[in-house]
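The block underneath contains the structure these notes are about, expressed in structure tokens.
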Amino acid sequence: MKFVDEARIWVEAGDGGSGCVSFRREKYIPKGGPDGGDGGDGGSVYLLADNNINTLVDFRYQRRHRAERGQNGMGRQCTGRGGQDLSVTVPVGTRVFDEETGELIGELLESGQRLLVAKGGFHGIGNARYKSSTNRTPRQSTPGTLGERRQLHLELILLADVGLLGFPNAGKSSFIRQVSSARPKVADYPFTTLYPNLGVVRVGRNRSFVVADIPGVIEGAADGAGLGIHFLKHLARTRLLLHLVDVAPLGSDEDPAEQIRKIEAELESFSDDLMDKERWLVLNKVDLLDAEEYEARRSAIVEHLDWQGPVHGISALSGAGTDVLVRDLMARLEQLKLGDDAGIVSSSGDSGGEESEWDMPGTPDSGEWHPLD
Ligand SMILES: Nc1nc2c(ncn2[C@@H]2O[C@H](COP(=O)(O)OP(=O)(O)OP(=O)(O)O)[C@@H](O)[C@H]2O)c(=O)[nH]1
């Protein structure tokens with residue numbers, strides 16, 4: 001089974017160009033001096049974060065990335081051209097390790113950010129520069145130094161706002177398809193549940209969030225069994241998790257409440273961080289139930305689990321209930337984001353006892369602020 005969240009690549013910076021040994025040869029100038037130029041520096045290799053890429057899958061086909069070598073120096077004091085740098089684009093969120101030492105070289109967190117991963121070689125010196133009063137015909141030059149080469153291990157933790165949890169067939173893929181806008185960059189993503197799918201959900205004109213479909217979370221995942229652990233990793237940075245459960249009468253052999261319990265047990269054994277995340281319950285396939293059946297199922301599940309969080313009933317297939325869910329999610333994410341920002345402010349500011357500069361304009365002084373109001 002293949003996972004696209006890890007890749008191994010080789011990067012090779014260009015060698016420095018060698019210095020040149022040459023002497024001026026011209027008519028009527030019998031003993032021209034040394035005129036060998038320096039070489040050019042080798043090109044370096046950078047990784048460049050790009051928002052338009054969501055996967056490391058391309059690195060399976062292209063593993064070697066090489067920057068240009070510096071040109072050798074030439075006669076007539078001509079310096080060799082520097083080798084061109086190479087920028088290898090990677091998704092935002094990529095962490096870069098040296099494969100051999102395990103050292104974390106860096107993490108690319110914003111689109112446009114660049115990380116030097118292999119430095120180009122230094123240029124060699126031509127003989128023109130060795131000329132001195134005691135040595136008028138130096139035959140010395142130095143070769144360029146070698147460009148750095150190393151093997152990198154890339155790891156991508158998807159930057160999703162909302163993670164989807166659920167047993168196979170709960171309808172996760174259908175949900176993503178239903179709510180995410182057709183955005184070509186995302187639509188390029190291979191649509192198979194062996195990969196975590198990303199969906200960009202647009203709300204109105206310019207609000208959006210990212211949902212990651214985390215397929216195949218199964219029992220024992222935290223011990224490394226099955227698909228689990230690789231995908232659980234992708235949930236690490238989400239703000240909110242949705243438990244998607246199939247509540248159709250014959251939809252699954254297992255009691256929905258039991259399925260949720262199992263997933264909770266996995267989350268717990270994987271990390272406390274995940275367990276602490278806000279979780280919402282989403283009962284899917286309500287189109288297969290009439291209103292009465294739905295109510296009965298819903299209250300049975302909520303009671304059984306003693307569920308305190310929000311509960312939504314949807315049909316990922318027909319879209320029923322998804323508008324409300326998406327709107328509520330957006331509002332909640334914005335609230336959480338505001339909370340985060342406020343958290344940053346309170347930890348760094350206010351030390352001098354000055355009045356806070358951070359009151360949000362237009363925010364009511366008292367009472368709760370509802371983004372939906
Ligand atoms: N009637 C009905 N069927 C649904 C609904 N949502 C999903 N399905 C069907 O349920 C089946 C499974 O849906 P998927 O979206 O593939 O489920 P998944 O959770 O992504 O499953 P895995 O890929 O196995 O992880 C498909 O046949 C869907 O058509 C729904 O709201 N109503």
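Nothing fancy with the numbering, it's 1 onward along the sequence. Remember, predicted model here, so these are calculated numbers, not experimental data. One-based numbering, in listed order, for ligands and for the atoms of each.
For N169, heavy-atom contacts with ligand 1 shorter than 4.0 Å involve the backbone as well as the side chain. Of the heavy atoms in I314, none comes closer than 4.0 Å to ligand 1. For V286, no heavy-atom contact with ligand 1 is shorter than 4.0 Å.
Contact of the W307 side chain with the I301 side chain is not registered, since no non-hydrogen atoms from C-beta on lie closer than 4.5 Å.
Residues forming a ring pair (Phe, Tyr, Trp, His ring centres under 6.0 Å) with H153 (at least two apart in sequence, or on another chain): none.
Residue contact check: S315 has heavy atoms under 4.0 Å from atoms 30 (C), 31 (O), 32 (N) of ligand 1. Remark: ligand 1 atoms within the under-4.0 Å shell around heavy atoms of L288 are 1 (N). The D287 neighbourhood of ligand 1 comprises atoms 1 (N), 2 (C), 30 (C), 31 (O), 32 (N), with distances under 4.0 Å to a heavy atom of that residue.
With a 6.0 Å radius and a threshold of 12 heavy atoms from other residues, nucleotides or ligands, E103 has its CD atom above the threshold.
Taking the ring centroids of W280 and H243, they lie at or beyond the 6.0 Å cut-off. Here Y46 and H65 keep their ring centres 6.0 angstrom or further from each other.
Note: no N/O pair closer than 3.5 Å links F175 and ligand 1 by distance alone. Note: an N/O pair closer than 3.5 Å links S174 and ligand 1 by distance alone. Remark: ligand 1 and S173 share an N or O pair separated by less than 3.5 Å (distance only, no angle test).
Residue-ligand proximity: A170 is placed with a non-hydrogen atom under 4.0 Å from ligand 1.
In the hydrophobic clustering (ILVMFWY side chains linked at under 4.5 Å, chained through shared members), L104 is joined by F97.
The pair K285-D246 meets the salt-bridge criterion, since a charged nitrogen lies less than 4.0 angstrom from a carboxylate oxygen.
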